[in-house]
Amino acid sequence: MKNERIGIFDSGLGGLSILNELKKVLPNEDYLFYEDSINNPYGEKTEEELFEITSKIVDYLIENKCKIIVIACNTATTSCIKKLREKYQNMIFIGTVPAIKMAYDANSKNTLLLATSYTIKSERVKELLNDYTGINQNIYVESGKNLANLIEEGDINKIKTLLSEILLPYKDNIDSIVLGCTHYPLVKDLIKEIIPNIEILDGSFGVAKETKHQLIENDLLNESNEEGKIIIENSKSQDLVKRSYEILG
Ligand code: DGL
């Protein structure tokens, strides 16, 4: 068991932002990252559709010897993690939710939460906003519209246009932005070009730390001293796999 892999999935290359942190925190683990680009965007799907899609991926990751599964997608986490935990009771799931608590802990006065349409409407985000909006704190909530999809396609001009459309109205009103979709950290630099003096918050490091904690708690940590292997697969095309290895560096 200890030498089995960490399974990760997302609707595409967004999961790389989490895999990147996992690699740093758990360098001796092996990884299987499944990018479900064929079903992107998850953010426009229903809960039923997402449960069906994510169950198939979980089956696949279990067949391929994964000892723990990291749902590297806010949309899939907010929609399905509870049901997946009920269905696969022997599997440990780590999810990712928008880092609203980080804005609260940082005492940020004006925060913009940017996430997919599904995530911003989810019960989990309502709970987080309820629990972690301080007195004298404003949290604006915006849908990233088809930003995740544009990031998948990689057209920088279209990404810049959409980001400007969403962010410019907030330029002088916010001091932090929570990236509530794992695709968005991949365009952090473009966000900073539009709003230079902004604190960008995302939960990737917290997810990696929690994964390590769960592996230790469940006695599943790989004790090898060798650097782990990373396998990336994509449901749509081999070219996308190549691109992901390049982004990962
Ligand atoms: N990367 C995903 C997330 O964190 C979703 C992107 C999509 O809509 O497919 O929400």
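Order of appearance sets the numbers: ligands from 1, and atoms from 1 within every ligand.
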Open item on the list: Which residues pass the side-chain contact (heavy atoms from CB on, under 4.5 Å) test with Asn149, not counting sequence neighbours?
Closed with: Asn40, Pro41, Asn146, Glu153

Task: With sequence neighbours excluded, residues passing side-chain contact (heavy atoms from CB on, under 4.5 Å) with Tyr88 - done: Ser55, Val58, Asp59, Ile62, Leu84, Met91, Phe93

- [ ] Non-hydrogen atoms closer than 4.0 Å to ligand 1: which protein residues do they belong to? List them by chain and number, please.
- [x] Asp10, Ser11, Asn40, Pro41, Tyr42, Gly43, Cys73, Asn74, Thr75, Thr116, Ala148, Cys181, Thr182, His183

Open item on the list: Assess, by modelled atom type and distance only, whether the side chains of Ser108 and Glu199 contain a donor and an acceptor separated by less than 3.5 Å.
Closed with: no

Task: Under the side chain to side chain donor-acceptor pair (under 3.5 Å) test, residues paired with Asp155 that sit two or more places apart - done: none

TODO: From the options Lys67, Lys229, Lys212, select the one residue that forms a salt bridge (Lys or Arg N to Asp or Glu O under 4.0 Å) with Glu29.
DONE: Lys67

Open item on the list: To the nearest 0.5 Å, what is the distance between CD on Gln137 and CG on Asn110?
Closed with: 8.5 Å

